[in-house]
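We count ligands from 1, going down the list as the structure has it; atoms in each ligand are counted the same way.
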Amino acid sequence: MKYLTIALAKGRLAKQTLALLEQTGITCEEMKDKDTRKLIFVNEELGLKFFLSKTSDVPTYVEYGAADIGVVGSDTILEEGRKILEVLDLGLGKCRMCVAGPASARELLKKNEIIRVASKYPKIAKDYFYNKKHQTVEIVKLNGSVELAPIVGLSEVIVDIVETGSTLKENGLEVLEEICPLSARVVVNEASMKMQRERITKIVKDLKQALNG
Ligand code: PRP
């Protein structure tokens with residue numbers, strides 16, 4: 001039997017996904033070892049391989065077929081724009097992609113002024129401002145702690161993930177516009193879906209059942 005390879009995004013989502021997979025009878029004991037530095041794990045019995053990668057790389061591994069299946073947030077899927085099949089919404093890690101900033105920036109958004117937008121997600125930000133709002137903006141790519149940008153005067157607003165809203169609140173910022181809801185998705189390589197359709201759809205179906213059960 002050919003191995004099916006599953007790519008998981010390092011961190012909380014990988015743990016939640018493994019717990020869900022376990023409910024479907026797919027286990028990987030090796031992966032639970034907190035001290036391991038191993039990157040790839042094998043379940044010989046089920047013919048499955050698992051690996052953990054940086055979140056933003058999951059769609060890349062899946063597009064190139066290095067992984068047949070991936071589990072990753074829809075923020076990353078939108079930002080990476082890879083040619084992959086999205087087959088299931090796991091509803092995990094629910095949050096929102098938003099435009100945020102100080103209350104005073106609300107007027108700037110209304111008036112379609114040329115403003116600076118800082119984000120870890122330049123593609124999502126560009127798509128929103130250019131294609132949806134038809135507002136010309138300057139986008140500045142940051143790699144984290146994006147909430148700092150409007151506070152220190154790097155940008156007027158940010159495009160970022162809002163979960164509880166507490167990071168914004170604690171920094172005197174607020175949601176100004178909502179771009180889209182986000183959650184974790186199961187993605188599949190296009191060729192794998194043709195060649196291994198039966199095995200893949202069984203996993204997806206079992207996951208769906210585990211979510212509903
Ligand atoms: C994410 C996101 C926000 C925060 C939102 O950051 O970029 O900063 O979580 O969560 P909240 O609405 O519940 O406060 P993350 O912790 O991933 O770190 P980062 O700042 O390095 O992106």
Would the number of heavy atoms belonging to other residues, nucleotides or ligands and lying under 6.0 Å from NZ of Lys123 be above 12? yes

Hey, what do you get for CD1 (Ile200) to CG (Leu4), rounding to the nearest 0.5 Å? 5.5 Å

Let me check something: do Leu173 and Val146 share a hydrophobic cluster, defined by ILVMFWY side-chain heavy atoms less than 4.5 Å apart, either directly or through other members? yes

Test your reading of the model: is there a side-chain donor-acceptor pair from Tyr3 to the backbone of Leu46, 3.5 Å cut-off? no

Do side-chain atoms of Asn189 reach the backbone of Val62 as a donor and acceptor pair under 3.5 angstrom? yes

Residue shell around ligand 1, heavy atom under 4.0 angstrom: Lys120, Gly144, Ser145, Glu147, Asp160, Ile161, Val162, Glu163, Thr164, Gly165, Ser166, Thr167

Could you check whether Arg116 pairs with Glu156 (Lys NZ or Arg NE/NH1/NH2 to Asp/Glu carboxylate O, under 4.0 Å)? no

